[in-house]
Structure formats: structure tokens, C-alpha cells
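Here is the structure we will look at, set down as C-alpha cells.
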Amino acid sequence: DTAVSQTPKYLVTQMGNDKSIKCEQNLGHDTMYWYKQDSKKFLKIMFSYNNKELIINETVPNRFSPKSPDKAHLNLHINSLELGDSAVYFCASSKDSTGGQPQHFGDGTRLSIL
Amino acid sequence: KQEVTQIPAALSVPEGENLVLNCSFTDSAIYNLQWFRQDPGKGLTSLLLIQSSQREQTSGRLNASLDKSSGRSTLYIAASQPGDSATYLCAVSGFQKLVFGTGTRLLVSP
């Protein structure tokens, strides 16, 4: 059973397009996250949601819009894709948002912009 | 602002060696510290989590220590194997978010 699952695993698209990445967790966790791993492999948080409410937005361009229809799902929609958006995007979840609980990660979505 | 640094950036050892990976962080107000493993093209696998009140955690051949006051953690890998080859990331947990280190790329040769 996959705990945190992301789709698609790979995404190749043209500059200027709009795309979405989906994430689902079956751990019963309250908190979900999106991270970006750049070409130098550095991982940085983008967003965090707790019980469908946005709690962290780390100065991400407003072309990125997360949506949490319920606490088990956190999707990421990206408008007007740019070359610099090429990266691996990881979804994660934790039991709560305090920071005291371990985070569990999905396998990542590899986004390539042509 | 929390900054996390890992040394060395890359490490190559022959099979069987014991090795130490280092992680340092600038703000000691943390909830916990996690060590992750990332294989090429794969996601992150959590190896060990040390709560801020703990000094160390062990799992099999892995031992992680935490010295919160000095802002340091080490991951000790005993009797390394080729299957240990991966990138190792440490991440410190402040309020509501993880801050990741720069990673150590480990290669264990047979």
C-alpha cells in the first residue's frame, strides 16, 4: 500500500502550458506539503496545508496554486509554465503541523519544460 | 532563518568501511531532526528521526546522534555495503516545516 502517492510520475510539456500534479495520502494525516527539488538537488518547501487550510506559502510565484479538496488530497496547479519550473516536485504528509511528527514523502513528479 | 549544511558533499569508500556523515544547523530551536535516503530518480526514504530531547537513535547499521546546543548531527554507517550508495539528506524540523540540508552523495564500491 502506497502511503503518499503522486501522479503523474513524469510530466513533459511546453513552456506556457498549464498543468496539474495530484497527491493523495492514505495515512490519515492532517497535514500535507509540497516541496521543490531543483537541478542541484536542493529541497525546499513550497506550501503546507493543515486540514485543508493553507498554513505555509514560501514566497512561491502565484502561478502556483495548491488546492486541497479534503485532508487526504493536495493538488498543485501551475499556470504559464516557465523553463525554471523544471524540477522534481515532492508531496509529503505528517500527522500534524507542529513539526514534531515525521514527514512521509511521495516518489516525486519529474517536470520537464521544453 | 534556519540553514542546514552537510559535509562532505560527496564521499566514496570501499565496501566494509565505517563512515560518518555530518549535518550542521544554525538555529537550535528545533523539534526534531530527520535523516533521509534518496536513490537516483526516487523519492525520499526516512531512515531515522531524533526528537530534540534525544541524543541518538539507532536502526540496524545506522546510528544518528544529535547535539542540539552545538547545532550538529552525525549519521554513522557501520560496515558499509554497495547497497548503501545513495544521497543522504538531513532535515531539521522547526515550527510547521522541514528545512533540508544540501545532501551527501555516498558511493560504496565493491
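Atom set for the values below is all heavy atoms of this structure, side chains included, hydrogens, waters and symmetry mates excluded. Note that the coordinates shown come from a computational prediction; the quantities given were computed from them, not determined experimentally.
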Give, for atom [atom1] of [X] and atom [atom2] of [Y], the distance between the pair rounded to the nearest 0.5 Å.
X         : Y        : atom1 : atom2 : value
Asp107(A) : Gln38(B) : CG    : CD    : 10.0 Å
Lys97(B)  : Lys44(A) : NZ    : NZ    : 7.5 Å
Gln103(A) : Leu49(B) : CD    : CG    : 10.0 Å
Phe100(B) : Lys41(A) : CZ    : NZ    : 14.0 Å

Should [X] and [Y] be regarded as members of a common hydrophobic cluster, given that ILVMFWY residues are connected when their side-chain heavy atoms come within less than 4.5 Å of each other, either directly or indirectly?
X        : Y        : answer
Ile7(B)  : Val4(B)  : no
Leu21(B) : Leu89(B) : no
Trp34(A) : Leu81(A) : yes
Tyr35(A) : Tyr49(A) : no
Trp35(B) : Ile77(B) : yes

Would you say NZ of Lys95(A) has more than 12 non-hydrogen atoms from neighbouring residues, nucleotides or ligands within 6.0 angstrom? no
Is it the case that over 12 heavy atoms from other parts of the model lie below 6.0 angstrom from the CZ atom of Arg110(A)? yes
At a heavy-atom separation under 4.5 Å, does Ile30(B) approach chain A through its side chain, its backbone, both, or neither?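 No part of it gets close to chain A.
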For Leu98(B), which atoms come within 4.5 Å of any heavy atom of chain A: side chain, backbone, both, or neither?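 Contact with chain A: backbone and side chain both.
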Can you tell me which portion of Gln101(A) sits under 4.5 Å from chain B's heavy atoms? Options are side chain, backbone, both or neither. backbone
So for Ile55(A), is it side chain, backbone, both, or neither that comes closer than 4.5 Å to the heavy atoms of chain B?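 It is both, since atoms from each part get that close.
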Greatest number of heavy atom pairs closer than 4.5 Å to chain B - which of Glu58(A), Gln6(A), Lys40(A), Lys9(A): Glu58(A)
Whether Gln34(B) side chain and Pro102(A) backbone form a donor-acceptor pair below 3.5 Å: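 No, the answer is negative, given that no donor and acceptor are paired below the 3.5 Å cut-off.
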